[in-house]
Amino acid sequence: MFVAPEGESAGSQSFHLSAKNVTVRFGEVTALDHFTANVPRGTVGLLGPNGAGKSTFIKASLGLLELDDGSIRVGSLDSRHQSLAIRDEVGYMPEHDCLLQSMNAVELVAYLAQISGMGRRDSMQRSHEVLDFVGIDEERYRLIKSYSTGMKQKVKLAQAIVHDPSLLFLDEPTSGMDPQGREEMLDLVRRIGSSEKTVIVSSHILQEVERVCDYVVIISSGKLIRAGETLALVAGEEGVHSLTIRGDSKAIADYVGALGELCEVLRKTGEGDRQTTLLLRGCGDGRAIFRLAAEGGVQVRSYRPETLDLEEVFLRAFKRGESNGN
Amino acid sequence: MGISPIQYRPWKGERSAQNLRMYVILRSVFRHGLKSTGVKILLILGFFLIFAFQLIFVVLMPHERLEAEDMNSSLNGFGLAIFAMLLAAVVTSDLISEDLSSNSFVLYFSRAVKVRDYVVGKTGGALIIMSILCMVPPVLIAVVATLTQSGGDYLHSAGIIGRTAVAGALATVFYIPYGIMMSAFTRKKSYAAVGTFMSFFVLVIVAEVFSEFAREWRIISPVESLVYSFDWIYGESLPSYISEGALVSFLVLFILVPAALTYLRIMRQAVGK
């Protein structure tokens, strides 16, 4: 499973959310520019710099924005003609403060549950259930205006899941939270994601996305620039290895020179006088590396396929996007 | 061993129809409004100052049937128009402004709610509160007067009850769209309340000043135009300087233009495009 960019063969039926050639303009500004992505079921990270088009994509998916071109499908529903039906199936946790200050958490969540179509009794019971789930205890009877940022974030999550949507948009879910609050929120996201929901997490904090998301979509300037399974993205390029060596500086310099004849040295990072890490491409099975090291009196401390973190993936994708004119 | 975390549980119930969701908003506005001290004070004060004496009067005074002139004077035109104006300013002040200040439009419109349903729900809740002062007591007085009449012409009295219901409905509806419009253009409840009241007050002053030169200007005073409307509904003659067409045009403009502006404002806020 993967998040397929334009041209991939998988049909929209196998994806929970499918955007095809979507263009949204605000006057002269093009927020989404022929954006195409297929989002599978699971927990999906939506990444991009400020103004990349993430929020526009979410709003367009909810049918809140008129598309200038293209189409978005949620399951089998078309956002242009069935936006109300989509909104019954979608939960949205906005980034900014949006809670009604004059209500307490139980009243607010039950009220929004009723607007989502629940009966009064059901909504009250469900409100307590989801507030238990997100960890709002007796404070649920206090007015929301007295809540901390972390508690408000949890109530925002509770109102987004109260009507049991199959697709959940979380916009910066850990925004403004302390480290413990972040951990709790990420745990909640993980637990919701494991209950067969599709959770789309829009966040700037890449480490968090890497920890909870199975898939990642990277947007820049309204275009999809990279998408795929998180594990595949951070696995690095095939045939690229990281080598850490130790020895005296002259031996290391000679060894690196000899390696340069054998394979491509992409990057050299010194760690003090006696240790260096190299990023190599095209070194085959690595036997020559160990032979050269033995001959040159250099100690090989590690030799393994390259692994990236999501930040590196994001930066590389972003650079590639820029070089493509995006 | 810690306590096991509460797991996410699916909901298996059935959703109500999407076009019924506006009633949830309406009910919330109504309940929230009735909790407000200002609203409670105005409702109680308004009832006792305008209607309580009239109610006792119709029970005690012998009468053969309900008459239009008696009912028109029972409405105490200026008193009702002024109390309705105050109540509308208080009831509508936080209807939209609270959603604006807390950015909570997104909570409504990320659900299956249309802008139309939102506006109708908010307006409907406010109208029900207004009707507690503007419609229910006059109709109650008319019904009590009919039940205690000595004559047998109940058909005539029923006609007056109908006219009273129309007059009450007009008083209920008249100020609400303007108040909601003011609430839709500010984030502060106090600005909305004061702005609504002051706008009406300014129109009354302008009408008063310009009527010195031409008496037709009286029609732009919301209080006076409402009183003229009561006269018209009860079949009494309007002053010579007020034409029926001008009166109806003012009423329609005073209700429809603010309603349209509110809709457009919320549409812009909700969709942002």
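Lettering follows sequence order; numbering is per chain, from 1. The figures here come from the full heavy-atom set of this structure, side chains too, leaving out hydrogens, waters and symmetry mates.
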(request) Using a 4.5 Å cut-off on heavy atoms from C-beta on, say whether the side chain of Val106(B) contacts that of His96(A). (result) yes
(message) Show the nearest heavy-atom pair for residues Cys98(A) and Ser104(B), with the distance to one decimal.
(response) O-CB, 3.0 Å
(message) Quick check on the structure: residues of residues 8-37 of chain B within a heavy-atom distance below 4.5 Å of chain A, by number.
(response) Tyr8(B), Arg9(B), Pro10(B), Trp11(B), Gly13(B), Glu14(B), Arg15(B), Ser16(B), Gln18(B), Arg21(B), Val24(B), Ile25(B), Arg27(B), Ser28(B), Arg31(B), His32(B), Lys35(B)
(request) Could you tell me which portion of Ile161(A) (side chain, backbone, both or neither) has an atom closer than 4.5 angstrom to a non-hydrogen atom of chain B? (result) both
(request) Any pair with a residue in residues 100-123 of chain A that passes salt bridge (charged side-chain N to carboxylate O under 4.0 Å, His left out), sequence neighbours left out, goes on the list, sorted by first then second residue, please. (result) none
(message) Need one label for Ser195(A): side chain, backbone, both or neither, based on atoms under 4.5 Å from any heavy atom in chain B.
(response) side chain
(message) At a 4.5 Å cut-off on heavy atoms, which part of Lys156(A) comes close to chain B: side chain, backbone, both, or neither?
(response) neither
(message) Under 4.5 Å from any heavy atom of chain B, what part of Ser102(A) do you find: side chain, backbone, both or neither?
(response) both
(request) Name the member of Met93(A), Lys197(A), His163(A) that forms the most heavy-atom pairs with chain B at distances under 4.5 Å. (result) His163(A)
(request) Would you give the length of the straight line joining atom CD1 of Ile58(A) to atom OG of Ser110(B), rounded to the nearest 0.5 angstrom? (result) 11.0 Å
(request) Taking atom CZ of Phe47(B) as the centre, report whether more than 12 heavy atoms of other residues, nucleotides or ligands fall under 6.0 Å from it. (result) yes
(request) Measure the OH-CD1 distance between Tyr108(B) and Ile115(A) for me, rounded to the nearest 0.5 Å. (result) 5.0 Å
(request) Would you mind checking which part of Met103(A) comes under 4.5 Å of any heavy atom in chain B, side chain (CB onward), backbone (N, CA, C, O), both or neither? (result) side chain
(message) Using 0.5 Å steps for rounding, measure from the CG atom of Leu99(A) to the CG atom of Asn103(B).
(response) 10.5 Å
(message) Can a donor-acceptor pair be found, under 3.5 Å and without considering hydrogens, that links the side chain of Arg111(B) to the backbone of Leu112(A)?
(response) yes
(message) With a 6.0 Å cut-off (strictly less than), is the heavy-atom count around NZ of Lys152(A), excluding the residue itself, greater than 12?
(response) yes
(request) Quick one: which of Ile192(A), Leu62(A), Asp187(A), Asp97(A) has the most heavy-atom pairs under 4.5 Å with chain B, could you say? (result) Asp97(A)
(request) Count the heavy atoms of every other residue, nucleotide or ligand shown that sit under 6.0 Å from OH of Tyr191(B), and state whether that count exceeds 12. (result) no
